[in-house]
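Notes for the one structure printed next.
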Number of protein chains: 2
Amino acid sequence: MAPVIRTARERAREELTLEIKREARRQLADEGAQRLSLRAVARALGMASSALYRYFPSRDDLLTALIIDAYNALGDRVEEAVAKSPADDPRAQWRALCHGVRDWARENPHEYALLFGTPVPGYAAPQDTIAPAARVPLALVAVIRGAAGRLDLRAPVRPLRGALAEQTSALVAAMAPEVSAGVFTRGVVAWSQLVGMVSFELFGHLVGSFDPADAFFAHTVEEMADFVGLP
Amino acid sequence: MAPVIRTARERAREELTLEIKREARRQLADEGAQRLSLRAVARALGMASSALYRYFPSRDDLLTALIIDAYNALGDRVEEAVAKSPADDPRAQWRALCHGVRDWARENPHEYALLFGTPVPGYAAPQDTIAPAARVPLALVAVIRGAAGRLDLRAPVRPLRGALAEQTSALVAAMAPEVSAGVFTRGVVAWSQLVGMVSFELFGHLVGSFDPADAFFAHTVEEMADFVGLP
DNA sequence: GCGCTGTCAAGAGCAGTGCTCTCGTTTTTG
DNA sequence: CAAAAACGAGAGCACTGCTCTTGACAGCGC
C-alpha cells in the first residue's frame, strides 16, 4: 500500500488538488458549469493558469472530477436519509429518498444540472463516474427489495415481452433477485419520473402550472410509491 | 396591417435572419449549443461577425430563437402524429405522442437538450418561449380530455390536499374541465416521466441497464397510459 | 555533502470567443 | 433632393482553453 507518510511534494500536490476542486466547486455553485473558468480558478488561488494543468489535464477533466464529487455528495445525502428512516417502513424510506434527491437538487442546482442536465463533454461519460452515479438508483432498488414479499400492486404490471423480458431478467438476477421483473421496471420508471420532475422544477418547466412544486412533489412521491407497490 | 410588399431592405433582412438561423441550426445539430459560435456562423455566411449583431443582439438571443424554432418543430411533429391516429382511440394517440417525442429527440438530440436539458441563458425563459413550449403538454391533456368519461383507473388516485387541490382545480378549470383533478395530476406525472425517460436515454443514464431502450420505452408508454386510465 | 533527474510554477504566446465602437456606404424617408 | 436611418466591415477589448519554454527546487543515489 501507499505509505501514510508521503513526501512533502506528494502532500502538497494532494492538498492543492483539493483546493482547486474546492474553488472550482465554489464557482460552479455561483455561476454554473457554463461559466466555470480555469483561469478564474487559478486567479482566485493566486497561481498561474498554466500551473493548473499539472493537476487537471483539461477543463473537462476538472469538470469530471466535480461530477464524481457531486454524485457522491448526492449519494451520501440520499443514503443517509434512507438510513435514518425506520428500517421496516419501505414507504418512509422511499419518501426520504425522493425528498432527499429533491432537497439536494434545490440546494445545489448547478451541480444537479451537471449530473442530470445536458452532458457537457463529448457525450462519453468516463468510466470513473458510473459507480458514483449508480448509488442513488441502487439505494432505490434496495428500498424496493426491502419490501419484497409485502408489495401490493393495485394495478397489475403489464407482461414483459421479447427483448425487454431478457434485459430485465438479467438485471433482476444481478441486483434484485427477490423482486419480480415487472416491479423492477416500475422502479426504473419511478426513478426516471423522479429525475424528470425535479428537472422540470429546477429548469423552469413548471412555472405556468405547479410553480411552488412542494405539494405536487409530495403527492407524486406517494403515487409512485403506490405504483411500485410499496406497503 | 403590414403591407405585403415590403421594401427591399426589409425583405433582405427577413431572408438573412432566416439564413443565419439556418446556419446556426446546422452548427447546433453538429456540435451542440455549447460550441455554437457567432463568429463561425458569420464565417460560414461570408459576413463579418459584427454584422450579425444587427440581427441578433446577443448570442443568447440567437439561442432563444433556436429554442422557439425547436419547440415548434417538436410541436408540429407531435401534433401531426396525434392527428394521424384514430380519432376515437385515445391510447393510440397517446402512443403516437410519446413515440413522437422520443423519435424527434433521437433525431435532434442537441435541439432536445436545448429544450429539456440545462437551461443555457441566465435561467429566465423569455416570454416568447412559453407558448411554443406548451404545445406538447397541451396535446397531452387534449388526448386525455378526448378520453374523458371512458377513463378506467385500475389504481384510484390519492386525494389531493391543501395547496395542491387549489393549484390543480385552477388548472383543470382553465384547460381540462371535463377531467378530474386526480387524473390531471397523473397526466403531469406522465409528462415529466416521459421527458425524464427520454433524457435518461439521450444523456446516457441508461447505458448500464436498458441500453437499447426501445422495448423499455414502449412498455413504459403503455404502463403510463394505464396510469392515467386511458381505455 | 554533491550532482543528477524529474517535478513544479510561471510567463509568453496562439487561436479562438462575445461584444462594442467607429467609419464609410447604401437605402429609405420626409 | 437632402436628411435620416440602416447597414456591412474593420479594428479593438477583455476574455477563454491550451501549449511551450524557462528557470528553480525537491528527492534520490552516490
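The basis for the numbers below is simple: all heavy atoms, side chains too, and nothing from hydrogens, waters or symmetry mates. Within every chain, numbering begins at 1; the chains are lettered A, B, ... in the order of the sequence lines, protein sequences first and strands thereafter.
In terms of heavy atoms, L36(A) sits closest to A24(A) at CD1-O, 3.7 Å. Across all their heavy atoms, Q93(A) and V82(A) have their closest contact at O-CG2, 3.9 Å.
Rounded to whole angstrom, the span from the CD atom of Q34(B) across to the C1' atom of dT17(C) amounts to 12 Å. Protein atom CD of E31(B) is 13 Å distant from nucleotide atom P of dG16(C), rounded to whole Å. Nucleotide dC19(C) holds its P atom 10 Å from the CG atom of L63(B), rounded to whole Å. Rounded to whole angstrom, the span from the CZ atom of R35(A) across to the P atom of dG17(D) amounts to 13 Å. Rounded to whole Å, the distance from CD1 on I20(A) to P on dC8(C) is 11 Å. Taking atom CD of Q27(A) as the reference point, atom C1' of dC15(D) lies 14 Å away to the nearest angstrom.
Here R13(B) does not reach the OP1 or OP2 of dA6(D): none of its side-chain N or O atoms lies under 4.0 Å away. Within the structure, every side-chain polar atom (N or O) of Y53(B) is placed at least 4.0 Å from both OP1 and OP2 of dC7(D). In this model, the phosphate group of dC19(C) is not approached by any side-chain N or O of R59(B) to a distance below 4.0 Å at OP1 or OP2.
A donor-acceptor contact under 3.5 Å is formed by the side chain of S50(A) with the base of dA10(C).
For A51(B), counting side-chain heavy atoms from C-beta on, the closest listed nucleotide (dC19(C), dA9(D), dC18(D)) is dA9(D). With dC8(C), dC19(C), dG8(D) as the candidates, the nucleotide lying closest to the side chain of Y55(B) is dG8(D).
Cation-pi geometry between R102(B) and F217(B) is met: the NZ or CZ atom falls under 6.0 Å from the ring centre, inside 45° of the normal. Cation-pi geometry between R13(B) and Y55(B) is met: under 6.0 angstrom from the ring centre, within 45 degrees of the axis.
The closest side-chain heavy-atom distance from H219(A) to L160(B) is below 4.5 Å.
L36(B) comes within 4.0 angstrom of sugar-phosphate atoms only, judged by non-hydrogen atoms across all strands, and of no base. Nucleic acid contact for L16(A): sugar-phosphate only, since backbone atoms but no base atoms lie under 4.0 Å from a heavy atom of the residue.
Y112(B) and S199(B) are linked by a side-chain donor-acceptor pair at a separation below 3.5 angstrom, with hydrogens and angles left out of the test. One side chain, Q193(B) or S192(A), offers a donor N or O that lies under 3.5 Å from an acceptor on the other.
A donor-acceptor pair is defined here as one N or O able to donate and one able to accept, closer than 3.5 Å; no such pair exists between the side chain of D61(B) and the backbone of P57(B).
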Quiz prompt | Protein-to-nucleotide contact annotation, 5' to 3' order, nucleotides 24-30 of chain C [B base; S sugar-phosphate only; - none; under 4.0 Å, heavy atom] | solution = --BBSS-

Exercise. In sequence, state the C-alpha distance, the side-chain angles, and the governing distance for R11(B) and E14(B), and then conclude on salt bridge (charged side-chain N to carboxylate O under 4.0 Å, His left out).
Key: CA-CA 5 Å; R11(B) 279 192 293 121; E14(B) 199 153 335; over 6 Å; no

Self-check item: Test salt bridge (charged side-chain N to carboxylate O under 4.0 Å, His left out) applied to E107(A) and R77(A), step by step
Solution: CA-CA 12 Å; E107(A) 291 165 21; R77(A) 171 70 154 270; 2.8 Å; yes

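The CE atom of M197(A) lies 7.0 Å from the SG atom of C98(A); values are rounded to the nearest 0.5 Å.
Annotation: proximity of residues 37-47 of chain A to DNA chain C (heavy atom, distance under 4.0 Å) is found for R39(A), M47(A), numbered in ascending order.
Ring geometry for W191(B) versus F200(A): interplanar angle of 30 to 60°, hence tilted.
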So which protein N/O to nucleotides 21-23 of chain D N/O distances come out below 3.5 Å?
none

